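Presented below is the structure to which this report refers.
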Amino acid sequence: MKIATWNVNSIRARADRLEQWLLRSDVDVVAIQETKATDENFPWDLFEKNGYEVAHFGLNQWNGVAIASRVGLEDVERTFLDQPHFGKTEDAVHAEARAIAATCGGIRVWSLYVPNGRAIGDPHMPYKLKWLDVLRSNAAGWLQADPEARIVLAGDWNIAPRDEDVWDIDLFRREGYTHVTEPERAAFHAFEEAGFVDVVRPFHPGPGVYTYWDYTQLRFPKKQGMRIDFLLASPALANRVSGALIDREERKGKGASDHAPVIVELD
DNA sequence: ATGGTAGTTCGACTA
């Protein structure tokens, strides 16, 4: 069984490439981020005609997350408990479309699009950290309730946990860039302390292994990327992982997303 | 000093 995560940066702009990738990659489940779509303009047919069920959570042209599966899709959940909002509104109606879950082939799959902190000192940074902390609190609770639970937290985390996860850590420090700050890294490592495991890194250790390359300044051909997309598996699921792939081919050519798909193979 | 890219959508915002 193969499970993938992929920030597609607009599912409508990526429809043709996504369909070709589904055929080529042969994944059973894919967690998708940044659909930039509403349910009204979401390309449902693309999945159905290729044998996938799909659940989507999209409110407007921003964010948007989905899960597609050909091994079942049950108990869909949109947002996690007490998911923080940006700004003053506190009602669930105003939560951003950044988290969706479904049970696929016995695995609880979360497709997550972690908020971008934008800049050190920007109010989006404490929002990002709070969002991660509440998610971690929920996820730790799921494991406490059932230590054998098969859960995968898959998505665009907008964090580079190690210095080697960006092409030039000195540049990031000098310029005061986000994604590499200590509070962001602590928020990520808290998931590992709760028992979740990055199941891709052991198969693809760095340095120089990335999942995202900015569109500008020839970042991809210059191999200047960031590792910010992760699948964090519960212990019971991590034990079943037999391989992983970061699909750099999909970042090539005209019409590519700025993120590559990340695929995990399970026994 | 500027813009360098790509997506939403048609001005401005997001990444």
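Please read these numbers as outputs of a predicted model, since none were measured by experiment. In what follows, chains are A, B, ... by sequence order, proteins preceding strands, each numbered from 1.
A/H179 places its NE2 atom 9 Å from the P atom of B/dA15, with the value rounded to the nearest Å. Residue A/N60 contributes atom CG, which lies 18 Å from atom P of B/dG7 at whole-angstrom precision. Atom CH2 of A/W62 and atom P of B/dG7 are 17 Å apart (whole Å). One interatomic measurement links the two molecules: CZ of A/R17 to P of B/dA6, which rounds to 12 Å at whole-angstrom precision. Taking atom CZ of A/F86 as the reference point, atom P of B/dA15 lies 10 Å away to the nearest angstrom. The nearest whole Å value for the distance from the CG atom in A/D214 to the P atom in B/dA6 is 10 Å. At whole-Å resolution of the value, NZ in A/K36 and C1' in B/dT8 are 6 Å apart. Between the C1' atom of B/dA6 and the NZ atom of A/K254 lies a distance of 11 Å, rounded to the nearest Å.
A salt bridge is absent between A/R24 and A/E249; no separation between the charged side-chain nitrogens and carboxylate oxygens falls under 4.0 Å.
To the nearest whole angstrom, the two P atoms, one in B/dC10 and one in B/dA1, are 34 Å apart.
Checked by atom type and distance alone, the side chain of A/H189 pairs as donor or acceptor with a backbone atom of A/R185 at under 3.5 Å. A/N50 contributes a side-chain N or O that, together with a main-chain N or O of A/L46, makes up a donor-acceptor pair within less than 3.5 Å.
Within 4.0 Å of A/Y212, counting heavy atoms only, lies no atom of the nucleic acid at all.
Between A/F86 and A/H124, the ring planes lie parallel to each other; the angle is under 30°, not in the 30° to 60° tilted range. Under the 30°/60° scheme for interplanar angles, the aromatic rings of A/F47 and A/F42 are found to lie parallel.
When the nucleotides B/dA15, B/dG4, B/dA6 are ranked by their closest atom to the side chain of A/Y215, B/dA6 comes out on top. Out of B/dA15, B/dG7, B/dT5, the shortest distance to the side chain of A/T216 is found at B/dT5. Of the candidate nucleotides B/dG4, B/dA15, B/dT8, B/dT8 has the atom nearest to the side chain of A/Q61.
When the nearest nucleotides of DNA chain B are assigned to A/Q217 and A/D258 by heavy-atom distance, the more 5′-ward of the two goes with A/Q217. Mapping A/S10 and A/N63 onto DNA chain B via the closest heavy atom, the residue that lands nearer the 5' end is A/S10.
Heavy-atom distances under 4.0 Å link DNA chain B to A/N116, A/R118 of residues 116-133 of chain A, given in residue order.
Counting only residues at least two apart or on different chains, the salt bridge (Lys or Arg N to Asp or Glu O under 4.0 Å) pairs with a member in residues 226-243 of chain A are A/D165-A/R227.
A continuous path of ILVMFWY side-chain contacts below 4.5 Å connects A/V200 to A/V241, so both sit in one hydrophobic cluster.
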